[in-house]
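One structure is given below, encoded as structure tokens.
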Amino acid sequence: NCSQIGTLDDKQSPIRHETPVDALKQAATILAASDQLKACAKVEIRGPQIVISPRLAGYAHSVRELVAQLIASEFQKGVICVHSTHSVDVIVSDVNKLNLLCHLRNQGMENSDILCIGDLGKWPGNDFALLDNEFGLSTNQVSARPECCWNLAPSGVINLQATLHYLHRVEVRQGYLKVNTRRLMGG
């Protein structure tokens with residue numbers, strides 16, 4: 001969730017943290033005390049993130065509901081709960097994928113230079129903040145806001161296949177990657 005940002009050749013990243021940051025300590029304590037959660041999920045502390053992975057795929061929705069219920073009292077303290085297709089993440093509100101966009105802007109990139117692709121653009125999906133802009137494409141769930149986070153893949157094409165659909169419409173022109181919008185929209 002972009003608590004750490006590094007390059008592919010950076011041998012120092014990611015740094016593993018076994019103890020929660022201060023803002024997540026109470027949430028970690030609450031989650032660790034739940035026998036119900038222990039029975040159906042694995043809980044990992046990763047510093048600014050607590051990752052809760054259902055032991056069985058069929059438990060995913062129940063685990064999301066349970067985690068949100070258990071730590072609801074922490075939400076007003078800046079703790080949020082988002083989910084991916086394989087886990088629930090409890091994070092501090094300033095730890096999100098927008099950190100990557102800020103990092104890229106600090107490197108001199110403009111918003112229009114950055115195409116964001118993710119699968120869960122609808123809250124509480126872990127991509128909701130990343131895709132909440134005019135250059136956000138979802139491969140599955142979209143935002144309720146009509147001005148951002150679109151799914152432009154053909155009907156029934158989701159996740160990896162939708163990502164490939166988008167990437168096959170990227171062309172190199174004058175040293176830049178450009179999206180061929182005519183091909184993207186089926187023209």
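This chain uses plain numbering: 1 for the first residue, then up along the sequence.
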Discussion item. Would you compute the distance between atom OG of Ser112 and atom CG of Leu115 and round it to the nearest 0.5 angstrom?
Written reply: 11.5 Å

Discussion item. Return the CG to SG distance between Leu56 and Cys40, rounded to the nearest 0.5 Å.
Written reply: 9.0 Å

Fill in: Selection residues 20-79 - residue pairs positive for ring pair (Phe, Tyr, Trp, His ring centres under 6.0 Å), sequence neighbours left out
none

Discussion item. With clusters defined by side-chain heavy atoms of hydrophobic residues (ILVMFWY) lying less than 4.5 Å apart, directly or transitively, does Val172 cluster with Leu184?
Written reply: yes

Worksheet entry | Neighbour count >12 (heavy atoms, 6.0 Å) for atom CD, Glu134 | yes

Fill in: Shortest non-hydrogen contact from Cys81 toward Val67
SG-CG1, 3.8 Å

Practice prompt. For Trp150, enumerate each residue passing the ring pair (Phe, Tyr, Trp, His ring centres under 6.0 Å) test, keeping only those at least two apart in sequence or located in another chain.
Written response: none

Practice prompt. Would you check, one step at a time, whether the test side-chain contact (heavy atoms from CB on, under 4.5 Å) holds for Val82 with Gln49?
Written response: CA-CA 11 Å; Val82 296; Gln49 175 179 359; over 6 Å; no

Worksheet entry | Joint hydrophobic cluster, Val142 plus Leu120, side-chain heavy atoms closer than 4.5 Å | no

Worksheet item: Quick one: do Leu66 and Ile52 end up in the same hydrophobic cluster if we chain Ile, Leu, Val, Met, Phe, Trp and Tyr together by side-chain heavy atoms under 4.5 Å apart?
Response: yes

Discussion item. Show me the pairs that pass ring pair (Phe, Tyr, Trp, His ring centres under 6.0 Å) and involve residues 106-137, at least two apart or across chains.
Written reply: Trp123-Phe128

Discussion item. If I compare all heavy atoms of Ser143 with all of Cys149, which pair ends up nearest, and what's the gap?
Written reply: N-SG, 3.4 Å

Worksheet item: Between atom CD1 of Ile117 and atom OG1 of Thr139, what is the distance when rounded to the nearest 0.5 Å?
Response: 8.5 Å

Worksheet entry | His86 to Pro54 - nearest heavy-atom pair and separation | O-CD, 3.5 Å

Worksheet item: Should we count NZ of Lys122 as having more than 12 external heavy atoms under 6.0 Å?
Response: no

Worksheet item: Cluster question for you: counting only ILVMFWY and a side-chain heavy-atom cut-off of under 4.5 Å, with indirect links fine, are Val95 and Val79 together?
Response: yes

Worksheet entry | salt bridge (charged side-chain N to carboxylate O under 4.0 Å, His left out) partners of Arg145, counting only residues at least two apart | Asp132, Glu147

Discussion item. Strictly distance-based, threshold 3.5 Å: is any side-chain N or O of His168 a donor or acceptor partner for the main-chain N or O of Leu164?
Written reply: yes

Worksheet, complete the sentence: Output for pair (Ile114 CD1, Leu100 CG), nearest 0.5 Å, gives 7.5 Å

Discussion item. Strictly distance-based, threshold 3.5 Å: is any side-chain N or O of Arg169 a donor or acceptor partner for the main-chain N or O of Arg183?
Written reply: yes

Worksheet, complete the sentence: side chain to side chain contact (heavy atoms under 4.5 Å, CB included) filter on Ala27, not counting sequence neighbours, yields Ile50, Ile71, Glu74, Val90

Worksheet entry | Partner of Cys116 under side-chain contact (heavy atoms from CB on, under 4.5 Å), chosen from Leu101, Leu137, Leu98 | Leu101

Fill in: Lys38: side chain to side chain contact (heavy atoms under 4.5 Å, CB included) partners, not counting sequence neighbours
Asp35

Worksheet, complete the sentence: Heavy atoms of Gly118 and Leu131 approach each other most closely as N-CD2, 3.6 Å

Worksheet item: Of all heavy-atom pairs between Pro20 and Ala28, which one has the smallest distance, and what is that distance?
Response: CG-CB, 4.0 Å

Worksheet item: Picking from Ile45, Leu31, Val92, Thr19, what satisfies side-chain contact (heavy atoms from CB on, under 4.5 Å) with Leu24?
Response: Val92

Discussion item. If you count every heavy atom of other residues, nucleotides or ligands that lies below 6.0 Å from Gln36 atom CD, does the total exceed 12?
Written reply: no

Worksheet item: When rounded to the nearest 0.5 angstrom, what is the spacing between CG in Asp127 and CG in Asn140?
Response: 10.0 Å

Practice prompt. Measure the spacing between CD of Gln4 and CD of Gln12 and express it to the nearest 0.5 Å.
Written response: 11.0 Å

Discussion item. Evaluate Arg105 against Cys102 for side-chain contact (heavy atoms from CB on, under 4.5 Å), listing each step before the verdict.
Written reply: CA-CA 5 Å; Arg105 285 186 204 112; Cys102 291; 4.1 Å; yes

Discussion item. Quick one: does any side-chain atom of Tyr166 pair with a main-chain N or O of Leu152 as donor and acceptor, under 3.5 Å?
Written reply: yes

Discussion item. I'd like to know whether Leu130 forms a side-chain contact (heavy atoms from CB on, under 4.5 Å) with Asn96, so could you lay out the CA-CA distance, the side-chain angles of the two residues, the decisive distance to 0.1 Å, and finally the verdict.
Written reply: CA-CA 8 Å; Leu130 178 70; Asn96 63 59; over 6 Å; no

Worksheet item: Would a distance-only check, ignoring hydrogens and angles, find a side-chain to backbone donor-acceptor pair under 3.5 Å from Asn99 to Cys2?
Response: yes

Worksheet item: Are Met109 and Ile5 linked, directly or through other ILVMFWY residues, by side chains that come within less than 4.5 angstrom of each other?
Response: yes

Fill in: Atom of Val88, atom of Arg64 and distance for their closest heavy-atom approach
CG2-CG, 3.3 Å

